Every structure is written in structure tokens, then in C-alpha cells.
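Nothing here was measured: the structure is a model prediction, and the numbers come from that model. Within every chain, numbering begins at 1; the chains are lettered A, B, ... in the order of the sequence lines, protein sequences first and strands thereafter.
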Amino acid sequence: MTILNEPTTKLNITNTIRALANFYASQLLQCSKQSPTSSSTVRMIHAHMIGSNFRPQSHILNRLMDLYCKSGNITYARQLFDEMPQPDIVARTTFITAYSSSGELKLAREVFNTTPLNIRDTVCYNALITGCAHNSDGNGAIELFCEMKRYDFRPDNYTYTSMLSGLSLVAEYESHCQQLHCEIVKSGTGFVTSVVNALISVYVKCASSPFVVPCLLMGAARKLFDEMPYKDELSWTTIITGYIRNDDLYNARDVFDGMNEKLVVAWNALISGYVHKGYVFQALEMFRKMHLLEIRFDEFTYTGILGACASSKLFLHGKQVHGYIIRTVKNPSRDFLFSVNNALITLYWKCGKLEDARKIFDRMLIRDLVSWNSILCAYVDVGLIEEAMSFFNEIPEKNELTWSVMISGCAQNGLGEEGLKLFNQMRSYNNCQPCDYSFAGAIISCAVLASLDHGRQLHAQLIQSGFESSLSASNSLITMYARCGVLQDSQSVFRTMNALDSVSWNSMIAALGQHGHGGQAVDLFEQMLKEDIVPDRITFLTILSSCSHAGLVDQGQRYFNSMSELYNITPGEDHYGRLIDLLCRAGKFTEAIDTIQKMPFNPGVPIWEALLGGCRIHGNIELGIEAAEKLFELIPQHDGTYILLSNMYADLGKWSDVSRIRNMMRVRGVKKEPACSWIEVDNMVHVFLVDDTKHPEVQKVYKYLEELVFKMKKLGYVPDTKYVLHDMENEQKEYALSTHSEKLAVAYGLLRLPSGAMIRVFKNIRICGDCHNAFKFMSQVVGRVIVVRDGKRFHRFENGKCSCGNYW
DNA sequence: CTAGGGTTAG
């Protein structure tokens with residue numbers, strides 16, 4: 001550094017200072033070209049200034065402060081600022097900008113407000129308007145815009161671009177945008193590339209608003225694009241991504257094909273557009289072409305293409321890309337590592353390789369929230385809730401996605417209470433407002449618990465929070481109302497939704513099927529096909545169950561065959577299970593066995609369970625024993641098999657076999673899930689066990705039940721004591737029947753709920769045969785509707801009949 | 001000193 005050793009004669013001082021100033025200015029300029037700005041370099045230059053006793057003039061100091069801000073040292077820069085006797089407008093604007101981009105809009109405004117009017121300029125207004133736009137204060141931007149015009153500051157192209165991006169935060173922004181467009185044309189900036197780009201971008205945003213016809217606005221955007229005198233990279237990408245955002249891949253591709261530059265951003269946008277639309281092949285094809293044209297991949301390309309592999313479970317393709325990255329990418333940046341590793345986590349877990357996903361996660365030296373959320377999803381997806389929970393607790397800064405994944409994860413694994421607990425915790429968590437997905441999770445939790453009151457409250461809150469039109473939340477409402485026994489409310493949600501996806505249809509079809517309306521389920525399925533909604537695997541599972549419950553054998557078989565013939569879906573074991581169930585319920589055992597033998601895989605649990613269930617209905621003991629034996633081998637600890645088999649023996653009065661089975665359970669240590677039923681009264685859940693003595697009002701319930709049974713017997717009710725599995729005297733048996741938990745819960749509801757109100761009772765396992773019969777008579781005696789949801793389905797008793805048509 | 005595009009988690 002030769003200049004430091006120059007002789008310091010008086011004459012030379014000014015020269016030295018000038019030389020130093022030039023030197024530092026060029027150093028700082030060099031530094032500002034680095035991205036991101038390195039804070040150590042800035043500190044070094046500053047230290048050098050102090051060491052050489054150089055007192056920077058304001059423009060050098062301004063640049064220094066700007067660099068400090070950009071390298072993350074705003075606080076220190078502010079100290080320098082506060083020491084300045086009269087900071088000029090450039091210094092002030094530096095801080096307005098710095099505070100704005102670090103999210104501290106208040107501080108930015110403070111600097112702006114303490115800036116005297118006579119030194120303000122358009123630039124400082126621009127800086128604060130941008131700050132408003134970035135910190136979601138659209139109205140603030142508009143106020144500043146009006147203010148600057150009042151004080152005669154002329155808006156320039158920066159002002160217009162910032163305003164346009166800020167406006168979309170304001171209600172009814174479309175009309176504001178039109179005004180602004182007029183003003184831009186009048187101001188003569190209507191042909192400035194950056195301004196037209198911003199206009200295009202705003203038209204694109206308007207087009208995706210639900211209240212307009214998108215093609216008209218996209219047409220206007222396209223016109224602007226076609227007529228602009230000079231297009232830069234951004235112009236191309238804005239219009240291309242605009243089309244993609246509005247689901248118009250055709251036009252996106254059209255513009256893209258007219259583009260000469262090898263603009264990596266445009267390629268990435270199109271790739272991710274294809275992936276989102278499910279056109280994985282096209283995405284892979286573009287990736288290949290990029291490679292041929294020697295366009296450099298960046299992290300966006302990789303995340304796009306890895307996402308494509310993940311969504312189609314193309315494990316080997318994905319692994320190849322992973323290997324390619326390892327071989328070719330040297331010195332990856334932080335951002336590169338974040339996004340690519342996160343995409344790899346998702347690739348591996350979606351391909352069923354949880355271990356590999358975990359390896360990627362563990363090897364990441366630094367993780368961001370997406371990494372945590374991705375690994376959380378992986379564990380939730382395979383149902384490892386405890387592990388997922390321990391990840392969840394480790395996540396330092398949770399966002400609404402973290403919460404909603406965990407909430408719906410609990411709900412999907414039957415942990416309704418935990419789901420609701422988390423939802424309430426989320427609300428008390430400072431920076432996390434529930435989003436529509438977390439509402440959906442909480443609503444499904446209510447479905448699991450069959451808590452209608454709570455579910456209705458959440459529905460109300462959902463509307464209050466403005467998520468009424470959310471697909472996922474509405475879909476969860478359909479399921480919740482159905483599982484709480486109020487099918488009509490499911491239907492009214494379904495009917496009033498303004499957009500439906502396959503989940504909506506599946507949920508509604510399933511709801512009808514579970515409530516025993518097989519015919520209506522089939523009608524709705526046919527309507528779905530008519531509206532060109534492509535049925536998926538789930539659709540077929542639900543429609544097959546519906547046919548089975550409604551005894552629609554031929555129909556069900558036809559749907560089963562159409563899966564592979566028309567929709568290219570290979571039936572899985574679960575589909576075969578439903579088909580076997582359908583056949584066995586109808587007593588077609590020969591066909592069922594024939595189907596099992598022709599299946600492309602060895603029969604497993606779902607198949608044998610379906611067979612056993614059918615045998616129980618038709619008293620086919622030989623086949624039933626065979627199925628039960630297989631199940632004893634496959635799932636020896638499952639209580640359901642033993643109970644079904646012992647019920648079959650009981651039906652035939654073979655009490656020695658009944659006790660043999662019970663003995664088997666004891667020897668093998670199989671625990672019978674204790675039966676319990678519950679009912680919601682006054683926002684409280686009341687649980688009853690068999691022969692309950694714990695509930696405070698149980699004595700009243702027994703007495704009332706006695707009166708009811710007396711009246712029921714007059715109508716012809718005969719207690720069916722074969723459902724008592726113990727060998728005891730008849731009178732005792734009758735008493736044992738009258739203490740079943742579902743009877744207690746129903747009776748309690750009749751006592752406590754307002755007259756005429758529907759009774760909704762829930763039982764953890766299948767309803768007992770005598771109770772099923774008894775409720776028919778009971779509904780007649782009390783003249784009320786009784787709905788019972790058991791482990792599998794719904795029974796709606798009205799005027800002596802059950803909706804299940806005795807298919808249960 | 002001020003503006004604008006592509007990405008991964010449901």
C-alpha cells in the first residue's frame with residue numbers, strides 16, 4: 001500500500017487525502033459488487049480508514065454505512081449515522097431502505113419522518129413506498145404516493161414499479177391498478193421496460209383473482225408484452241410465469257418457444273409448471289434439453305426436477321440426479337445446499353425410503369425450516385407419530401405448516417384429542433395464526449372424536465377467519481359432519497362449495513356410503529364421472545364399500561373391472577378386500593374364492609378379514625374357520641378375529657367352542673378392546689362402559705331404560721340373548737344385554753337432550769346385534785331419530801327401521 | 001440511496 005508511505009509535507013496533505021479518498025471509494029465500490037456483501041471486508045476497509053487517520057467525506061461515509069447495512073450490521077451503521085452532524089438525503093435513504101428490507105418498517109418511517117421536507121426527494125419516497133410494499137402495508141404505499149404528489153415530487157419509473165407491486169395488497173386493487181395504468185401512460189413512462197414489466201406482473205396477479213375472467217386480463221398482459229419496445233429478461237419471465245400461474249401452460253410454452261435467450265429462470269419456471277400440473281414427462285424432457293443445450297442448472301432447476309421425480313416416485317431417476325449433483329457441483333452456496341437437500345429429503349420419503357431421507361437430513365450441517373418440515377412430513381406420512389412428535393418438539397421456529405402437518409398427522413392416526421390440543425396451542429403461539437390446513441386438521445380431529453359441537457364452533461371460526469372457500473377445510477367439514485352423524489350438513493357443505501376436487505367428491509361419496517345410502521353414493525359417483533372428474537384409487541375404495549353396504553353386487557363388480565380397463569389403476573389388495581367383502585356379504589362364496597385364487601398376489605389380512613366377516617353374516621362356519629386360522633397366523637394379537645369367530649360359534653349355540661376361543665385369547669395374551677360408547681350433551685362428552693357404575697347419573701339411566709324396554713316389548717321386541725357370550729341363566733343374560741354401553745348412552749341422550757332432538761351415539765367397536773334390534777323398537781317408542789356410529793359405519797334408526805338395511 | 005422473475009414442506 002504505497003500511498004500510506006508518501007511524505008506528509010503540508011503541501012502534500014490535500015493530495016494524500018484526495019488519493020486516499022479515491023482509493024477508499026474504489027475499494028468500497030469493489031466491495032459493493034460482491035454479493036452477498038462480506039462483513040469482514042467492510043470492517044477491514046473501515047479499520048484501515050481509522051488506522052490512517054482518514055476522516056471520510058459524507059459520500060464515502062454514506063457508501064460505508066450502506067455496505068455495513070447490507071452485510072447485516074445495521075446497528076453499527078446507525079451509530080455512525082447518529083454521529084453525523086447533518087446526515088444528507090442519501091444517508092437517510094440508505095437507512096430507510098435498510099430498515100425496510102430487514103422488516104423494521106417502523107424505524108424506516110421514523111427516519112423518513114425526521115427528514116425535513118426541504119431535503120426530501122423522489123428517491124426517498126420511492127424507498128419508503130418499496131418498504132411498505134415489502135412489509136404488506138399497501139395502504140401506506142398509497143398514502144405516501146398521494147403525499148409526494150401533494151408536495152410536487154414527480155413520481156418516476158421506480159415509483160410506479162414499486163406502487164404496482166404494493167397495490168396487490170389492497171382490497172379492490174384492480175381499480176387502483178387501472179388508475180395507475182392511466183397515469184403511467186400520461187406520465188410518459190408507459191414504454192419504460194421496468195414499468196411495463198410491473199404492469200404485466202400486476203395484470204397477471206389480477207388474472208388469478210377469483211372474481212375475474214383470467215383470459216381477458218392475461219390477454220391484456222400479453223398485449224403489453226407484445227407491444228413493448230424493448231424486452232429484457234424479466235419481461236420474458238414475467239409473462240411466462242404469469243401464464244403458468246394462471247394454469248395456461250399452452251401459452252407459457254408458446255412465449256417460451258419464441259424466446260432466443262437461454263434464460264435459465266424461464267426454463268425453471270416451465271419445469272415447475274409442468275410438475276405442478278402433473279406433466280412429469282414434459283418436465284424431464286425439458287431437463288434433458290437443457291443439458292443438451294448446455295444451459296447451466298442451478299438450485300431451482302434441481303428442486304424442480306427432483307420434485308418431478310418425487311411426485312411420480314421415480315426413485316432411480318432421482319437418485320441419478322442426486323449422483324450427478326454430487327459429481328458436478330463444486331463449492332455449492334448455502335442457498336443451494338438448503339434447497340437441494342430439502343428437495344432430496346422429499347424425493348426419498350415420497351419414494352418410500354425414509355432411511356435415506358433421514359440420512360440426508362442428518363448430514364445437513366445447517367437446516368432451515370423447510371428441512372424440518374420435510375422430515376416431519378416424512379415421519380407423519382408413515383404414521384410414526386411419536387417420532388414425528390419428537391421432531392416437532394425440536395423444531396426451533398415453527399410456522400403454520402409445521403403446526404398443520406402435526407395436527408392433521410395426529411388426526412389421521414386417530415389421535416383426535418392431541419390434534420385439538422395442538423390446534424389450541426398453535427393459537428396461543430405468538431407468530432402463528434391458524435391457516436386453512438390447520439383448521440382442516442382440527443376439524444378432522446373433531447370427526448375422530450365425533451364432537452359435533454366443537455366441530456360446528458370450528459366451522460364458525462373458519463368462516464370468521466376468511467377460509468370459507470378453502471378446499472381442504474371444506475373437504476374436512478364434509479367428513480366431520482358425516483362422521484358426527486349429520487349427513488345433511490355434509491351435503492350442504494358439498495353443495496355450496498364453489499370448487500370441488502377429487503377429495504371433495506370422494507369424501508361425499510364415502511359419507512353417503514357410511515350412512516347406508518349406497519344408491520345415492522353410486523348416483524354421485526356417476527355424476528362425478530359425467531363432470532369429467534377422474535376417479536382415483538380412493539374413489540374406488542369408497543364406491544366399492546358403498547356398493548357392498550347397499551348390496552349392489554353387480555354394480556360393484558363392474559366398477560372394480562373398470563378400474564384397470566378404463567382408468568389405468570391397478571387394483572391393490574385393499575381394492576380386492578372390498579370386492580371380496582362385496583361378494584361375501586351377498587353370500588357369493590364360490591365367486592369370492594375364485595377371485596382370491598385369481599388375484600395377482602398372495603392374500604393378506606384385508607382379504608381374510610373380508611371373508612371372515614361375510615362368513616359371520618351367513619353362518620358359513622367351515623370357511624370362517626379357515627379364514628380365522630390365516631388371520632391367527634398373520635395377526636395373532638388382533639382381538640377382532642377371536643371375537644368374530646366366537647360370535648359365530650355363539651350364533652350356532654356351540655358354547656364349548658366359544659369358551660375354547662376365549663381360552664385361546666387368554667393363553668395368547670390377546671386383550672379385548674373394552675367396549676365404550678359416548679354421547680355429547682351440553683358441549684360435554686359423556687362416556688359409558690359396559691355395566692357402567694362410574695357415570696354420576698347412571699342409576700337414573702338404568703331406571704329409564706327399564707321403562708323403555710317394557711314399552712318396546714309391547715311392540716314385539718324380544719331380547720336376543722345369543723349375543724351374550726357367557727354361559728348364564730336367561731334372566732341374567734337379559735340383564736347383561738341391558739347394560740351394553742350403547743344402550744346406556746342412547747338412554748342418557750333421550751333423558752338429557754331436548755325432546756325431538758336427534759340422538760347421536762358413538763361406539764369404539766361394532767354395535768351389538770341385540771342393541772341394533774333394540775334401537776329399531778326404541779326409535780318407534782320415543783318417536784325420535786337415533787344415530788349410532790360404530791367402528792365401521794353408521795346406523796340411523798327411524799320409525800322402527802335402520803338405514804343400514806341390516807347390512808352390517 | 002430507490003423497482004421487477006424461477007425453488008423445496010401440506
To the side chain of [X], which of [options] is closest?
X      : options             : result
A:L234 : B:dA3, B:dG5, B:dA9 : B:dG5
A:T130 : B:dA3, B:dT8, B:dG4 : B:dA3
A:T303 : B:dG4, B:dG5, B:dT8 : B:dT8

At under 4.0 Å between heavy atoms, what does [X] touch on the DNA or RNA strands: base, sugar-phosphate, or nothing?
X      : answer
A:L263 : base
A:C124 : nothing
A:N399 : base
A:T346 : sugar-phosphate

Short side-chain N/O contact to B:dG4 OP1/OP2 from A:K231, under 4.0 Å
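Checking A:K231 against B:dG4: no side-chain N or O falls below 4.0 Å of OP1 or OP2.
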Phosphate OP1/OP2 of B:dC1: any A:R92 side-chain N/O under 4.0 Å:
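No, no such contact exists.
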Whether A:F300 stacks on the six-membered ring of B:dT7 base, 5.5 Å and 30° limits
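One would not call A:F300 stacked on the B:dT7 base.
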Salt bridge or not between [X] and [Y]? Use side-chain N to carboxylate O under 4.0 Å.
X      : Y      : answer
A:R367 : A:E394 : no
A:R222 : A:D248 : no
A:E147 : A:R120 : yes

Starting at atom [atom1] of [X], determine the distance to atom [atom2] of [N], rounded to an integer number of angstrom.
X      : N     : atom1 : atom2 : result
A:Y125 : B:dT2 : OH    : P     : 18 Å
A:I129 : B:dA3 : CD1   : P     : 12 Å
A:N126 : B:dG4 : CG    : P     : 11 Å
A:R120 : B:dC1 : CZ    : P     : 21 Å
A:N373 : B:dT8 : CG    : P     : 14 Å
A:I239 : B:dG5 : CD1   : P     : 14 Å
A:D156 : B:dA3 : CG    : C1'   : 9 Å
A:N135 : B:dT2 : CG    : C1'   : 15 Å

Just by distance, with hydrogens left out, do A:T159 and A:D156 show a side-chain donor and acceptor under 3.5 Å apart?
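There is such a pair between these side chains.
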Polar contact flag, side-chain donor to acceptor under 3.5 angstrom, A:D368-A:S371:
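Yes, a side-chain donor-acceptor pair sits under 3.5 Å.
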In this structure, is the centre-to-centre distance between the rings of A:W236 and A:F256 below 6.0 Å?
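No, too far apart.
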For the side chain of [X] and the base of [N], is some donor closer than 3.5 Å to an acceptor across the two?
X      : N      : answer
A:S404 : B:dG10 : yes
A:T94  : B:dC1  : no
A:T161 : B:dG4  : no
A:D232 : B:dG4  : yes

Going by number, which of residues 270-279 of chain A have a non-hydrogen atom under 4.0 Å from DNA chain B?
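A:S272, A:H276 - these, ordered by number, are the residues of the stretch whose heavy atoms sit under 4.0 Å from the strand.
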